[in-house]
Amino acid sequence: MKDKEKLLLIDGNSVMFRAFYALHNVLEKFVNHEGLHTNAVYAFKNMLENILKEVQPTHVLVAFDAGKKTFRTEKFDDYKGGRNKTPTELSEQFPAVKEFLDAYGIKYYELSNYEADDIIGTLAKQAENNGFEVTVVTGDRDLTQLVTDNITVDVTLKGVSEIEHYTPSHVEEKFGLTPSQIVDMKALVGDSSDNYPGVTKIGEKTAIKLLTQFGSVEGIYENLDEMKKSKMKENLINEKEIAFLCKDLAQIRQNAPLEISLADTLWEKENISELADYYRKMDFKKFLAELLSKNGDEIQSPDLKTKIEVTELTEDLLAQLDLNTDCVYFNLEMDGDNYHTAPFIGFSVEINSKLYASDNLELLKNSQLIRLLEDSSVKVNVFDGKRQYVGLNRLGISLTNIDFDLLLVSYLLDNSENSNDLGLLAQEHGYFDVTADEEVYGKGAKRQIPTGEELFEHLGRKVRAISMLKNQLFAKLKENEQLDLYVKIERPLSLVLAQMEIQGIKVDANRLEQMQSEFKERLSEIQQEIFNEAGEDFNLNSPKQLGVILFEKLKLPVIKKTKTGYSTAVSVLEQLRGMAPIIDNILEYRQLSKLQSTYIEGLLKVISGDQKVHTRYTQTLTATGRLSSVEPNLQNIPVRIEEGRKIRQAFIPSHKDWEIFSSDYSQIELRVLAHISDDQNMQESFNEGHDIHASTAMRIFNLNDQSEVTPNMRRQAKAVNFGIVYGISDYGLSQSIGITRKQAKQFIETYLDTFSGVKAYMHDIVKFAEEHGYVETISHRRRYLADIKSRNFNQRSFAQRTAMNSPIQGSAADIIKIAMIKMQKVLKENNLQAKMLLQVHDELIFEAPKEEIPVLEKLIPSVMDSAVSLNVPLKVESKHGITWFDTK
DNA sequence: TACATCACG
DNA sequence: ACGTACGTGATGTAT
């Protein structure tokens, strides 16, 4: 029996539209040599291939709209009226995408008087009747009305990478309606983008309610008499005609007079030479390269990536080379993420526009080569300077004069699409001549590092990409006023971080092992008690199995659900406390097993031969400008609960008679807010050294004297302050301090009335984001907010909260970064042995000989509180002790 | 590989 | 009417 036939139907206009906006921010980078924009076609091609791979259809058709005039506009003049004109940058790409489809062997079709939707509806129906499985791809949820057991509709979300699959049950779940009722809903609700009205005052909620009760628009009108008198009933009566017209407009036709048949949609093989010509015409070098490497034999003179010449570097060659230059592009290649231990693969260097590469690390002992990397008169240009610094440090080479760091600069320009791969990142900047590592090296079990020519070429291309992008990206930094951010903060910081990572922090493995065996015993005791209470054994680490025990077997009330079942999170268990003894045991088990697996066993796994852990700080990851820490994450070592805090006893100084010293900024984010919002009340509190939470309490509870502030008032005020920093919502605040939403709303209103500067800031920053598409910190670090104008309420609200929070969190990150750079310098200038080891967002941790402690107690806070000058003071608190635990 | 959970600021 | 706090990383289970 032959396999079931599968038809893939693509809504060409809708997908092109999505594709165009997915790469809208790089629109001007996608212009071919004829001046034609190509971004939408580029993204369309990528998306098409993803879909083809996933769906594996036998038949494919792309449907397009034929023109503005359709049978719908005849019925309703204003149908799709008021729409913005399609940008010419997009409309000029429609002929191009059709040309692409021709070469690719995929049929497309348009029919005058009908929309693409109707072509899709008609063919989907025909195919279903002929026993096909059908997949429809579109960006338009209206098409979900076509869903049946045999017809799936895939709606593209966010750009073109994510897809939501609509099956009958998913439609039901999502809208609470059957697919055929979608049309009825549109009839009642209307559609603002297609510009038909629906019935006045009926929104989605009401429509769903009515349709659940009466089934359809027809059903509603048949039963109108039963409905009790209301404004809504009146509207329904008055607008009956409109409702039926809208239903007709929303209804996708399944009987359009197509001139093509199902058989015509058979997916044919691509025409390789035609496709290659097309890619050349469009300047799609990467696609061309892929095509040719797959079909190399069938085509002559493969004009692949720009040819480059990479010379293998040897002892002899090195001896003759003229290394007299003040600028090199360099890359030391290591196999794996962890550059503290990763094996070396080779290196490449561009000198005077010539490329050299080698897999012989011995060459890096050459004094002339070392001079190039160490001499302060030679600018070294790299990708990921911190990684390079640590790698070279292992080889005894000290890299100090980095000029351009491609990774770091890319991150500062736009941290929203940041890859850690040189090839992928270069592509984002419009440079296609370097391949992604994964493509060259493979992944998982297939990973295989090439040798010889192939390796040299890849490494050569990497340094070439750095050199090709340097001027362009520096120019952009300058244009964004971000040159100082790079030169004065991020670039020097990368070397400070490298040194902290290399230094590492010593861990007392014996202490951890001792805790491990205590916990092991306690865990098995609690587990046994839980099993007794449950009446059966199960996997306690499985929220799913636990859910069954608690909510089905023990019949405890369900407080909250997750996507996949019952929630058993702490907040839920807390509420179940007292209803069954099992709950307390589960909470204790959870806590202990977290400590055991993540902190004790996890930490033991990453201790190096020197009895230290060497974390890696990711400097180019977060959206706000904070660092993050991996392998191990030393920024989330327990502290809030005493039992967990004891983990910190295992973090010790690396020398006898040394101590751990820690300084942290007190309320740095609120101080930053006071500064950037220029709120007079808040500034006054800080300037006069008041307890900020207490003074907030006085204002929101309208008290006259601080003595009237109860601990509970202070606690609530503190939560309000947190909420403000996060971009407050009444719901969020109500959850955090267990009050009603109404009360929370009242708190917020009172707060914003008193702190009018903050209120103005919240408003202005959102406006700024809407206008510019990004927000920035005091050091001009940017965060782009793609969703700030989203039509989706949730996405937009999230972007608004982000707009409020990011400058605050990000400026605080800027400040501590500046402090770290100064700190490293000051420690050296003062000939102190103390070493900076860790950064935990608002806190710096050092180790130092005991006798230096009195000096540090003055020096460190003074460096930190003078890092920047705000219009409120920065406050720093310090502690020290024989372990990290004892710094309290 | 995705999800739920929980550790931190 | 919408459904939420902001930013991270590691773990174990289930798919």
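Values reported hereafter were calculated over all heavy atoms of this structure, with side chains retained and with hydrogens, waters and symmetry mates removed. All values derive from a computational prediction rather than experimental measurement. Numbers restart at 1 for each chain; the letters A, B, ... are given by sequence-line order, proteins then strands.
Side-chain to base pairing of A/Arg640 with B/dG9: one donor and one acceptor N or O lie within less than 3.5 Å of each other.
Counting any heavy atom pair closer than 4.0 Å across all strands shown, A/Ala623 reaches sugar-phosphate atoms only and no base atom. Using a 4.0 Å heavy-atom criterion, one finds that A/Ile728 contacts the bases of the nucleic acid, with or without backbone contacts as well. Using a 4.0 Å heavy-atom distance criterion, A/Ala803 is classed as making no nucleic acid contact. Residue A/Val725 is classed as having no contact, given no heavy-atom separation below 4.0 Å to the nucleic acid. Among the heavy atoms of the strands lying under 4.0 Å from A/Ser729 is at least one base atom, whether or not backbone atoms are also near. Here A/Ile637 lies in heavy-atom contact (under 4.0 Å) with sugar-phosphate atoms only. Residue contacts shown for A/Thr206 are absent, as no nucleic acid heavy atom lies under 4.0 Å away. Nucleic acid contact for A/Thr802: sugar-phosphate only, since backbone atoms but no base atoms lie under 4.0 Å from a heavy atom of the residue.
Residues passing the salt bridge (charged side-chain N to carboxylate O under 4.0 Å, His left out) test with A/Asp679, sequence neighbours excluded: none. Remark: A/Ala436 engages A/Asp421, A/Leu424 in a side-chain contact (heavy atoms from CB on, under 4.5 Å) (not counting sequence neighbours).
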Once Watson-Crick and G-U wobble pairs under 3.5 Å are found, how is DNA chain C written in dot-bracket notation, 5' to 3', with | for any base paired to another strand? .....|||||||||.
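To the nearest 0.5 Å, atoms CG (A/Asp384) and CG (A/Asn420) are separated by 7.0 Å.
Of the possible donor and acceptor atoms, one in the side chain of A/Arg648 sits under 3.5 Å from a partner among the backbone N and O of A/Ile637.
For A/Ala569, the side-chain atoms get nearest to B/dC6 when compared with the rest of B/dC6, C/dA5, B/dG9. You'll find that the side chain of A/Thr562 is closest to B/dA4, out of C/dG7, B/dA4, C/dT4. The side chain of A/Arg741 approaches C/dT4 more closely than any other nucleotide in the set B/dG9, C/dT4, C/dC6. Listed nucleotides: B/dA7, B/dC6, C/dG9. Nearest to the side chain of A/Ser628: C/dG9. Closest to the side chain of A/Thr618, out of C/dT4, C/dG9, B/dG9, is C/dG9. For A/Thr568, the side-chain atoms get nearest to B/dT5 when compared with the rest of B/dT5, B/dA7, B/dG9. Relative to the side chain of A/Phe722, the nucleotides B/dG9, B/dT5, C/dA5 differ in distance, and C/dA5 lies closest.
Applying the ring pair (Phe, Tyr, Trp, His ring centres under 6.0 Å) test to residues at least two apart or on different chains, none of the pairs has a partner in residues 786-816 of chain A. Screening residues 613-644 of chain A for ring pair (Phe, Tyr, Trp, His ring centres under 6.0 Å) gives A/His340-A/His614 as the qualifying pairs, with residues at least two apart or on separate chains.
In this structure the side chain of A/Ile660 never reaches within 4.5 angstrom of the side chain of A/Lys879, judged on heavy atoms. Side-chain contact between A/Gln516 and A/Gln596 is present, with heavy atoms from C-beta onward closer than 4.5 Å. Side-chain contact check for A/Val672 versus A/Ile815: some heavy-atom pair is nearer than 4.5 Å. Counting only heavy atoms from C-beta outward, the side chains of A/Ile860 and A/Val876 never approach each other to under 4.5 Å.
Taking 4.0 angstrom as the limit, A/Arg801 places none of its side-chain polar atoms (N or O) nearer than this to OP1 or OP2 of C/dA5.
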Tell me, for nucleotides 10-15 of chain C in 5' to 3' order, what letter each nucleotide earns: B for a base near a protein heavy atom under 4.0 Å, S for only sugar-phosphate near one, - for neither? BSSSSS
